[in-house]
Trainee: 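Take a look at the following structure, please.
Both counts, for ligands and for their atoms, begin at 1 and track the order of listing. No hydrogens, no waters, no symmetry mates; every other heavy atom, side chains included, goes into these values.
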Amino acid sequence: MSTTQPRPRLEVIVASTRPGRVGRVVADWFIAEAGQHNGFDVHVSDLAELNLPLLDEPNHPALRNYTKQHTKDWSATIDAADAVVFVMPEYNHSFSAPLKNAIDYLVHEWRDKPAAFVSYGGLSAGTRAVIALRPVVSMLGMMAINAQVAVPSRVHVTAEKTFVSDPALDASAKAVLDELARLAPAFKALRAAK
Ligand SMILES: Cc1cc2nc3c(=O)[nH]c(=O)nc-3n(C[C@H](O)[C@H](O)[C@H](O)COP(=O)(O)O)c2cc1C
């Protein structure tokens with residue numbers, strides 16, 4: 001009998017939904033980095049494709065008494081995740097409204113999972129949005145790791161929407177993935193012990 005453990009499932013959430021967005025370009029670079037890292041089964045939730053309505057459930061999500069198929073599907077997706085990466089823009093010094101909406105749909109599904117951030121934006125590279133998001137995910141019982149990727153998009157995304165990385169950015173992606181890979185099995189055991 002094989003004792004090979006399945007690789008942790010990494011959920012990459014693409015948090016911008018704008019037509020013409022840079023978000024998918026940044027996400028595709030990070031998804032490729034995660035593929036090369038080889039420590040995860042990588043799954044992508046692109047909020048533009050998911051197209052969740054503004055929260056339309058009558059019951060508090062902590063009850064898990066979901067009435068809509070899109071909520072049940074989203075719940076199953078996040079339930080299956082062992083680690084989460086938010087690929088996120090900075091809008092008005094915070095994170096995007098579609099991301100807050102997607103987070104607010106669920107409660108227990110986020111709990112006891114490591115989370116990391118790949119932010120992008122102007123010269124501050126989306127870091128103010130990350131500062132705003134950290135307490136939100138912490139409140140939900142996620143462990144937001146210290147390592148993060150911060151992309152000043154004008155430096156790394158061309159007008160033709162090609163991603164141009166550099167060794168420092170690649171190293172920051174690897175640091176995030178290494179830390180998530182280290183933590184994911186421990187948090188999985190923690191969830192199983194409940
Ligand atoms: C509504 C809006 C607000 C923005 N606010 C900020 C901001 O506060 N700080 C910043 O660095 N960039 C800001 N930007 C620039 C974005 O970070 C940049 O356009 C980025 O590409 C947006 O991500 P997206 O293309 O995936 O939507 C803003 C952009 C938009 C559309």
Trainee: Are the charged groups of Arg191 and Asp82 less than 4.0 angstrom apart, N to O?
Mentor: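 Yes, Arg191 and Asp82 are salt-bridged.
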Trainee: Would you please say whether a donor-acceptor pair under 3.5 Å links the side chains of Glu57 and Thr67?
Mentor: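 Checked: Glu57/Thr67 side chains pair up, N/O donor to acceptor below 3.5 Å.
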Trainee: To the nearest 0.1 Å, how far is atom 20 (C) of ligand 1 from its closest protein heavy atom, and which atom is that?
Mentor: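 Answer, as residue, atom name and distance: Tyr120 CE1, 3.9 Å.
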Trainee: Ignoring hydrogens and geometry beyond distance, is a side-chain donor-acceptor pair present between Ser45 and Glu11 at under 3.5 Å?
Mentor: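 Yes, a side-chain donor-acceptor pair sits under 3.5 Å.
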Trainee: Tell me: protein heavy atom nearest atom 27 (O) of ligand 1, and distance?
Mentor: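 For this ligand atom, the closest protein heavy atom is Tyr91 OH, 2.5 Å.
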Trainee: Would Ser153 count as a polar contact of ligand 1, with the cut-off being nitrogen or oxygen pairs under 3.5 Å?
Mentor: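 No, since none of the N or O atoms of Ser153 sits under 3.5 Å from an N or O of ligand 1.
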Trainee: Closest approach of Met142 and Ala115, non-hydrogen atoms and distance?
Mentor: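 Scanning both residues, the minimum pair turns out to be CE-CB, 3.9 Å.
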Trainee: With a 4.5 Å cut-off on side-chain heavy atoms, are Trp29 and Ser165 touching?
Mentor: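 Answer yes - side chains close enough.
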Trainee: Among Glu90, His93, Lys161, which one puts a heavy atom closest to atom 16 (C) of ligand 1?
Mentor: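 Answer by nearest heavy atom: Glu90.
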Trainee: With no hydrogens and no angle check, just 3.5 Å: does a side-chain donor-acceptor pair link Asn51 and His70?
Mentor: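 The criterion, which ignores hydrogens and geometry beyond distance, is not satisfied for His70 and Asn51.
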Trainee: Do Thr127 and Tyr120 have side-chain N/O donor and acceptor atoms under 3.5 Å apart?
Mentor: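 Absent: no donor and acceptor within the cut-off.
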Trainee: Check whether any side-chain heavy atom of Val42 lies under 4.5 Å from a side-chain heavy atom of Ile31, and answer yes or no.
Mentor: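 When only atoms from C-beta onward are counted, Ile31 and Val42 do touch, with a gap below 4.5 Å.
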Trainee: What residue and atom, counting heavy atoms only, is the protein's closest point to atom 19 (O) of ligand 1, and at what distance?
Mentor: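 So the nearest neighbour among protein heavy atoms is Arg18 NH2, 4.5 Å.
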Trainee: Taking both backbone and side-chain atoms of Pro89, is any N or O found less than 3.5 Å from an N or O belonging to ligand 1?
Mentor: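 By distance alone, the answer is no.
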Trainee: Need the ligand 1 atom indices (1-based, order shown) with element for anything under 4.0 Å from a heavy-atom of Gly122.
Mentor: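 Matching atoms, with element in brackets: 10 (C), 11 (O), 12 (N).
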Trainee: Any nitrogen or oxygen of Val22, main chain or side chain, under 3.5 Å from a nitrogen or oxygen of ligand 1?
Mentor: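 Val22 vs ligand 1: N/O contact under 3.5 Å present.
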Trainee: Salt bridge (Lys or Arg N to Asp or Glu O under 4.0 Å): which pairs involve residues 18-30, sequence neighbours left out?
Mentor: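 Only Arg21-Asp46, Arg24-Asp28, Arg24-Asp46, Arg24-Glu49 qualify under salt bridge (Lys or Arg N to Asp or Glu O under 4.0 Å).
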Trainee: State the atoms of ligand 1, each with its element, that fall below the 4.0 Å cut-off from a heavy-atom position in Gly23.
Mentor: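 Selected atoms, number and element: 26 (O).
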Trainee: Please state which part of Arg21 comes within less than 4.0 Å of ligand 1, counting heavy atoms only: side chain, backbone, both or neither.
Mentor: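 Answer for Arg21: both.
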Trainee: Taking distance alone, with no angle check, do Leu123 and ligand 1 share an N/O pair under 3.5 Å?
Mentor: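 Among all N and O atoms of Leu123, none is under 3.5 Å from an N or O of ligand 1.
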Trainee: Among all protein non-hydrogen atoms, which one is nearest to atom 18 (C) of ligand 1, and what is the separation to 0.1 Å?
Mentor: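 It is Gly121 CA, 4.6 Å.
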Trainee: Tell me whether ligand 1 is touched by Arg128 - counting only heavy atoms on the residue side and a distance under 4.0 Å.
Mentor: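 Contact check Arg128 vs ligand 1: positive.
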Trainee: Looking only at distances, can you tell me whether any N or O atom of Asn92, backbone or side chain, sits closer than 3.5 Å to an N or O atom of ligand 1?
Mentor: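 There is such a contact, yes.
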